[in-house]
Amino acid sequence: MRAAGAHPKTREISELILRAAEKARRESGEPEPELTRPVRWPVSCTVGPGLEGAIACESKVGYVNGSRGRLVYRGYDVFDLCAYSTFEEVSYLLLHGSLPTAGQLARFKSTLAQYRFLPHTMRHLMSFPVQEINAMAALRIGTSMMRQRLTWRDQEIARPAPETAIGTDEDSIPMETAPTGEEHAIYEFKRRRRAKPKGVPPTQDAASDIESCCHLIAGLATLTAGIARLRQDRLPIEPEGALGHAANFLYMMTGRRPTPEEERVMDVALILHADHGMNASTFASMVVASTLSDIYWAVGSGIAALTGPLHGGANEQVLRQLRKIGSPEAVPAWFKRARAKKRRIMGFGHRVYKTYDPRARVLGPLAKHLAGRRPGMKNLFRTATALERKVVSTLGAEKRIFPNVDFYSGLVYGAMGLPPEIFTPIFAVSRVSGWTARVLEYLQNNRIFRPRAMYVGKLDKSYVPIHRRGRNSASRRLKS
Ligand code: COA
């Protein structure tokens with residue numbers, strides 16, 4: 001099969017991915033029991049803390065084999081998808097279950113192009129102090145506001161009236177100067193009635209249709225790009241009709257058409273992060289969707305879960321960690337101190353992978369490929385490889401701790417000149433495909449998630465009136 005991309009630079013990237021795939025096949029670890037058979041409910045499994053080992057549902061969306069270091073989307077190895085495919089094609093695959101024909105892909109791309117233009121949402125988002133809040137918080141606000149605007153076929157998003165398009169004077173929205181208790185304060189978002197389309201199953205009548213998924217997949221890229229610019233005191237840029245998803249995303253962030261190589265690198269990074277089993281943010285999205293809330297709230301909770309430093313927030317922390325270490329020579333002393341303080345090494349370890357994360361196998365060589373492009377990046381990359389060697393030779397052997405997806409992604413984005421606070425939002429721009437695909441799938445046989453906790457507190461206490469409780473009894477108990 002021919003590797004994707006006619007340009008010599010993009011061919012180089014595809015060849016690098018195929019070499020990483022070959023290495024992964026050679027070095028795959030001990031086989032684990034395959035979790036690839038239908039579940040007969042109720043299922044018996046051994047559950048550890050943090051729901052480790054729990055089987056929450058069946059899925060055909062994707063599969064992670066932690067001991068072999070294999071990642072599969074809808075039956076296709078992620079290495080092959082990186083080498084031969086694009087993010088649009090992979091998103092279609094995740095949502096629909098099969099690779100698109102040329103016609104289906106063209107229609108899907110045109111739907112994404114239509115939803116990529118979010119003038120109302122961007123305009124409203126600009127009324128928040130985006131420069132002062134966490135970029136993921138801004139993304140979450142933007143996602144909620146996308147919901148305010150959506151109709152089942154929101155033609156306005158596709159064809160905005162000129163007066164609603166983003167202009168330089170739209171740095172504020174009108175507000176009441178003297179609240180008079182009007183029924184609708186003029187700063188309220190107008191709500192539009194949504195007509196339910198025919199043939200939508202009852203569990204999907206709350207905006208959880210495929211159109212909303214496309215709206216979110218296209219929209220999160222626009223929002224993230226706009227947030228990146230607003231944080232640099234620049235105005236958001238409208239998408240460029242002729243560009244694909246990855247290229248548009250870079251263009252809307254930087255204001256410059258990316259080179260074929262930059263576009264390809266972003267495409268590969270987006271493919272690699274698109275789905276990853278029942279990770280914390282996917283599970284969070286599914287829990288919210290299982291209440292029949294809707295896909296916008298579900299994606300909003302995915303964004304919230306992804307923000308944490310134990311999940312998607314790690315990529316930003318990795319770069320900070322490497323800068324703090326300073327040089328490859330400083331790694332041994334830094335590592336010794338970190339271990340003495342029992343600190344977690346950011347970008348290492350995984351609940352499922354007990355071998356190299358296949359995504360790190362691609363991102364590592366990509367980071368190396370790009371390292372010479374910016375001052376300081378070569379040193380960071382060399383520091384990263386020294387840290388990798390140290391961790392793998394100690395914690396790898398001892399605790400099966402290896403680099404994960406976040407270890408090299410920040411170096412890749414940093415080499416492309418993207419600011420660190422936008423690394424985790426980029427993760428969300430990709431993972432939204434997995435969130436939406438898994439939510440859609442789960443809703444076909446929805447059952448609200450409701451595990452139980454084992455109660456280990458006391459029972460049968462007698463109520464003590466407040467005047468008889470003494471002073472600071474609660475804080476004494478907490479200290480003891
Ligand atoms: N650095 C040092 N030690 C680590 C570690 C890391 N990054 N990750 C796990 N460990 C150690 C733990 O201290 C624990 O050791 P112990 O058995 O002696 O107590 C052991 O490995 C198991 O860790 P545990 O917390 O049970 O693993 P988990 O499955 O709950 O956690 C992560 C998985 C990803 C949250 C964890 O590896 C981590 O915090 N990594 C750093 C953050 C990160 O890179 N996140 C991105 C994930 S894609």
Side-chain angles (χ1 to χ4, degrees), residues 29 32 35 45-54 56 62 64-67 69-71 78 136 269-284 302-325 331-332 334-364 367 383-384 386-414 420 423-428 430-431 434-435:
E32 67 176 10
L35 297 175
C45 50
T46 305
V47 179
L51 291 182
E52 181 170 7
V64 185
N65 183 314
S67 61
R70 260 198 97 194
L71 174 57
V78 79
M136 287 294 271
L270 293 178
I271 293 171
L272 279 176
H273 289 81
D275 183 66
H276 206 244
M278 296 291 283
N279 59 86
S281 58
T282 299
F283 188 46
I303 292 170
L306 190 68
T307 306
L310 297 188
H311 193 7
N315 57 12
E316 197 185 330
Q317 306 275 343
V318 168
L319 215 60
R320 214 168 278 151
Q321 173 180 277
L322 293 174
R323 291 213 165 101
K324 209 166 176 184
I325 297 173
V331 164
W334 180 90
F335 183 75
K336 200 171 167 193
R337 279 197 304 278
R339 292 305 296 147
K341 289 184 181 162
K342 296 197 180 322
R343 274 211 309 265
R344 298 226 160 189
I345 321 293
M346 288 292 138
F348 289 89
H350 199 273
R351 174 63 62 78
V352 180
Y353 291 121
K354 299 304 165 202
T355 179
Y356 265 83
D357 182 329
R359 302 164 299 174
R361 284 191 189 273
V362 173
L363 290 166
T383 310
L387 181 60
E388 176 182 339
R389 272 197 302 276
K390 187 76 193 162
V391 175
V392 170
S393 64
T394 51
L395 295 175
E398 204 184 307
K399 296 183 182 180
R400 313 297 303 154
I401 289 174
F402 294 92
N404 60 45
V405 66
D406 290 316
F407 190 58
Y408 285 109
S409 61
L411 287 173
V412 170
Y413 303 142
F423 294 173
T424 314
I426 297 176
F427 198 152
S430 163
R431 186 55 59 84
W435 292 334

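In each ligand, atom 1 is the first atom listed, and ligand 1 is the first ligand listed.
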Practice task
Over 60° means perpendicular and under 30° means parallel, so classify the ring planes of F427 and H273, tilted if in between.
Solution key: perpendicular
Practice task
Quick one: list whatever passes ring pair (Phe, Tyr, Trp, His ring centres under 6.0 Å) with F283, sequence neighbours left out.
Solution key: F449
Exercise for the section: Spell out, as yes or no, whether a donor-acceptor pair under 3.5 Å connects the side chain of N65 to the backbone of R70. Expected result: no
Practice task
Kindly write out the residues that satisfy salt bridge (charged side-chain N to carboxylate O under 4.0 Å, His left out) with D406, not counting sequence neighbours, or none if the list is empty.
Solution key: none
Exercise for the section: Please say which of E388, M346, R359 ends up in a side-chain contact (heavy atoms from CB on, under 4.5 Å) with F407. Expected result: E388
Problem - For Y353, ring pair (Phe, Tyr, Trp, His ring centres under 6.0 Å) partners two or more places apart - result: H276, H350
Fill in the blank from the handout: Counting only non-hydrogen atoms and a 4.0 Å cut-off, the residues near ligand 1 are P309, L310, H311, A314, R339, R344, I345, M346, G347, F348, G349, H350, R351, L395, K399, I401, N404, D406
